[in-house]
Amino acid sequence: MNVHIDLMAGTRSQARGYSYRIASVTALSGFLFGFDTAIINGAIVFLRRHFRWTEIQTEFAAGSLPAGCALGAGIAGTLSDRFGRKIVLLLAAVIFALSSVAAALPNGLGEFVAARVIAGVAIGIASMLAPLYIAEVSPAAIRGRLVSMNQLAIVLGILVSYLVGWAMAGLGEGSWRWMFAVAAVPSVLFFGALFFVPESPRWLVKEGRHDEAAKILARLGEPPSQLREIERAIAEESGALRQLLEKGLRRALLVGVTLAILQQVTGVNTVLYYGSIIFTEQVGAQSTSAALWANVLVGTTNLVFTVIALFTIDRLGRKVLLISAAAGMGVSLTALGFVFAVGSVTPSRALALILCYVACFSFGMGPGVWVVISELFPTRIRGRAMSLATVALWLACLLITVTFLSLVKAFTAAGAFWVYGVMCACTVWFVWKFTPETKGKNLEEIEQQWKA
C-alpha cells in the first residue's frame with residue numbers, strides 16, 4: 001500500500017515538473033515581451049536628444065510598439081487555431097530576433113517606428129498565445145500559478161531592460177542602439193527551447209489527433225476522463241466567434257475584453273514607458289542615471305510582488321487579488337496626484353508612491369487579468385476569442401501611451417494621475433459585480449458555468 005502511494009506521489013510530482021518545464025519555456029516569450037516593451041524607458045531620453053523629438057513625436061515613437069502589439073494579437077488567434085499554438089510561438093521568436101536588430105539601426109523617426117511596429121507584432125502574438133497555451137497544458141490546481149509564471153517572466157524582462165538601460169547609459173548618446181540589439185540573444189534561445197515542448201492537447205483534440213493528445217495529457221498527469229471531457233466540450237462548440245454572442249457566453253466576452261482594457265487604462269504603462277521622463281522632467285531627478293536607477297527600483301518592486309502573486313493566486317482566488325490590487329492602485333494614484341497638486345512633490349516621495357502603485361498592480365492586475373482571460377473562453381475558439389481581448393488590451397495601451405505627455409501638458413501631472421485613479425475605482429466595481437471566480441476549476445467546467 002505504501003509503495004503504491006509512493007508511486008502515485010512520484011507520478012504526480014513528475015507530471016507537475018513537466019508542466020513547470022513547459023510553462024518555463026513558454027514564459028521566455030514573456031521575458032522578451034517585458035524587455036522589448038520596457039527598453040524604451042531607458043532609451044527614450046537618448047532618442048529624444050539624438051533625434052530632437054517633440055512631445056508628439058516621442059508619443060508617436062513610444063506608441064508604435066502597442067500599435068504593432070494590437071496587430072500581432074489580432075492575427076495570433078486565427079493563426080494558432082489553424083496551425084497550432086507551438087508553430088505560432090516559433091514565428092514570434094523569429095520576429096523577436098529580427099526586430100531587435102532592426103530597432104538598433106534607424107536613422108530617423110520613420111525607420112524607428114517601423115522597427116518597433118514589427119517588434120510589437122511579436123509581443124502581440126506572445127501576449128495572447130503564451131498564457132492561452134500555458135492554461136491549456138496546466139492542471140486546474142496550479143493553472144493560476146503557471147499562467148502567472150508568464151507574468152513573472154514579463155516583469156523579469158522589464159527589470160532586466162531597466163538594468164540594461166542603466167548599465168549602458170555610460171556608453172554615450174548612441175547607447176540606445178545597444179539597448180535594443182541585446183534582445184536578439186534571448187530571442188534565439190526561446191526559438192531553440194520551443195522544440196522541447198509539446199503541442200496543446202486541447203488543440204490536438206480539436207484537430208482530431210486524439211492519440212497524440214492522450215499521450216500528452218497522460219504525461220501531464222491528467223486522468224483518462226479528462227480527454228473525454230475535452231472531446232465532449234469541443235463537440236458542443238460550433239467553432240465560430242458568433243458562439244460568443246450566444247446567451248451566457250456574451251458575459252465571458254464582456255468580462256474578458258473589459259478586464260483587458262481596465263488593466264491598461266489604470267495607467268501602468270505611463271510608468272513603464274515614461275518613467276525616466278517622469279523622474280527627469282516632472283519630479284526633478286538630478287541626472288539621467290538617477291532616473292534610470294529609479295526605474296530599476298520600479299522593476300525590482302514589480303518582480304517581487306509578481307512572485308508573491310505567483311504563490312497566492314491559486315489560494316486567494318482571482319477576484320480577491322484583482323479587487324485589492326485595483327483599490328491599492330487607486331489610493332496610490334490619488335496620493336501621487338495630491339503631492340503634485342499641492343507642490344510638495346520630491347523625488348523620494350514620488351518614487352515611494354509610484355512603488356506602492358506598481359506593487360499593487362504586480363500583485364493583482366498584472367497576473368490576474370492574464371490568468372482570467374486565458375480561462376474564460378471555449379476551447380475551439382479560445383485562440384480567436386482571446387485575440388479579441390488582447391487586441392482590446394493593446395489598443396487601450398496605445399491610447400494611454402500616445403496621450404500621456406499631452407494629458408500632463410493639458411491637465412498637469414496631478415490631473416493625469418487622478419484620471420487613472422478614477423479608472424481604478426471603475427475596476428473595483430466591475431470585478432466585484434461581473435467577474436466570476438474561476439479558482440480550482442478546469443477549463444471545461446468554466447465553460448459549462450457560462451452556459452448554466
Side-chain angles (χ1 to χ4, degrees), residues 29-30 32-44 47-48 51 53-80 88 91-92 94-130 154 157-158 161 176 179-180 183 187 257 260-275 277 369-370 373 384 386-407 420:
S29 69
L32 291 164
F33 167 176
F35 187 96
D36 275 11
T37 298
I39 194 62
I40 190 69
N41 198 337
I44 197 82
L47 284 163
R48 290 187 81 183
F51 293 114
W53 287 341
T54 64
E55 279 84 359
I56 298 297
Q57 288 174 314
T58 303
E59 289 177 335
F60 191 59
S64 58
L65 185 85
C69 293
L71 175 61
I75 64 174
T78 299
L79 291 177
S80 68
V88 181
L91 173 64
V94 172
I95 300 173
F96 270 124
L98 295 176
S99 63
S100 299
V101 177
L105 301 176
N107 293 308
L109 179 61
E111 294 175 9
F112 181 79
V113 166
R116 292 295 278 171
V117 168
I118 295 170
V121 171
I123 293 174
I125 292 172
S127 65
M128 187 287 293
L129 195 49
I154 292 171
I158 291 171
S161 78
W176 60 271
M179 294 179 191
F180 289 110
S187 300
V257 170
I261 293 172
L262 289 171
Q263 188 200 60
Q264 295 301 308
V265 297
T266 46
V268 67
N269 281 317
T270 61
V271 176
L272 299 185
Y273 290 1
Y274 294 115
I277 292 178
V369 168
W370 287 115
I373 64 176
R384 283 167 288 172
M386 195 169 169
S387 273
L388 289 177
T390 311
V391 167
L393 183 149
W394 285 115
L395 289 176
C397 176
L398 175 62
L399 174 65
I400 295 299
T401 305
V402 301
T403 58
F404 174 66
L405 295 179
S406 299
L407 193 64
Y420 304 139

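This structure is a prediction, so every number in the text was calculated from the model and none was measured.
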**Student:** Would you please classify the geometry between the F33 ring and the W394 ring as parallel, tilted or perpendicular, with 30° and 60° separating the classes?
**Tutor:** tilted

**Student:** Kindly give the heavy-atom pair with the smallest separation between M386 and M128, and that separation in Å.
**Tutor:** CE-O, 3.3 Å

**Student:** Just by distance, do the side chain of S406 and the backbone of T403 share a donor-acceptor pair under 3.5 Å?
**Tutor:** no

**Student:** Is a donor on one side and an acceptor on the other found under 3.5 Å between the side chain of Q264 and the backbone of I400?
**Tutor:** no

**Student:** Any idea which heavy atoms bring S29 and F96 closest together, and the distance?
**Tutor:** O-CZ, 4.1 Å

**Student:** Over 60° means perpendicular and under 30° means parallel, so tell me whether F112 and F180 are parallel, tilted or perpendicular.
**Tutor:** perpendicular

**Student:** Do side-chain atoms of E59 reach the backbone of I56 as a donor and acceptor pair under 3.5 angstrom?
**Tutor:** no

**Student:** How close do W176 and A43 get, heavy atom to heavy atom, and via which atoms?
**Tutor:** CB-CB, 3.8 Å

**Student:** Is it the case that the side chain of S64 and the backbone of A61 share a donor-acceptor pair, with hydrogens and angles ignored and the cut-off at 3.5 Å?
**Tutor:** yes

**Student:** Quick check: closest heavy atoms across A38 and S161, and the distance to 0.1 Å?
**Tutor:** CB-OG, 3.3 Å

**Student:** Output the distance between atom CG (L71) and atom CD1 (I123), rounded to the nearest 0.5 Å.
**Tutor:** 12.5 Å

**Student:** How far does CZ of R116 sit from CG of D36, to the nearest 0.5 angstrom?
**Tutor:** 6.0 Å

**Student:** Report yes or no: does S387 contribute a side-chain atom to a donor-acceptor pair with the main-chain N or O of A73 at less than 3.5 Å?
**Tutor:** yes

**Student:** Quick check for you: to the nearest 0.5 Å, what is the distance between L65 atom CG and I39 atom CD1?
**Tutor:** 12.0 Å

**Student:** Which atom pair, heavy atoms only, marks the closest approach of A183 to L32?
**Tutor:** O-CD2, 3.8 Å

**Student:** Hey, what do you get for CG (L393) to CG (L262), rounding to the nearest 0.5 Å?
**Tutor:** 10.0 Å

**Student:** Is there a side-chain contact between S187 and F35, using heavy atoms and a 4.5 Å cut-off?
**Tutor:** no

**Student:** Measure the shortest side-chain to side-chain distance between I75 and V88 over non-hydrogen atoms and say whether it is less than 4.5 angstrom.
**Tutor:** no

**Student:** To the nearest 0.5 angstrom, please state how far the CG atom of L129 sits from the OG1 atom of T390.
**Tutor:** 9.5 Å

**Student:** Are any non-hydrogen side-chain atoms of V113 and F60 less than 4.5 angstrom apart?
**Tutor:** yes

**Student:** Between atom CG of L399 and atom CZ of F404, what is the distance when rounded to the nearest 0.5 Å?
**Tutor:** 13.0 Å

**Student:** Which heavy atom of I125 sits nearest to which heavy atom of A76, and what is that distance?
**Tutor:** CA-CB, 3.8 Å

**Student:** With side chains defined as the heavy atoms from C-beta onward, is the minimum distance between T37 and I158 less than 4.5 Å?
**Tutor:** no

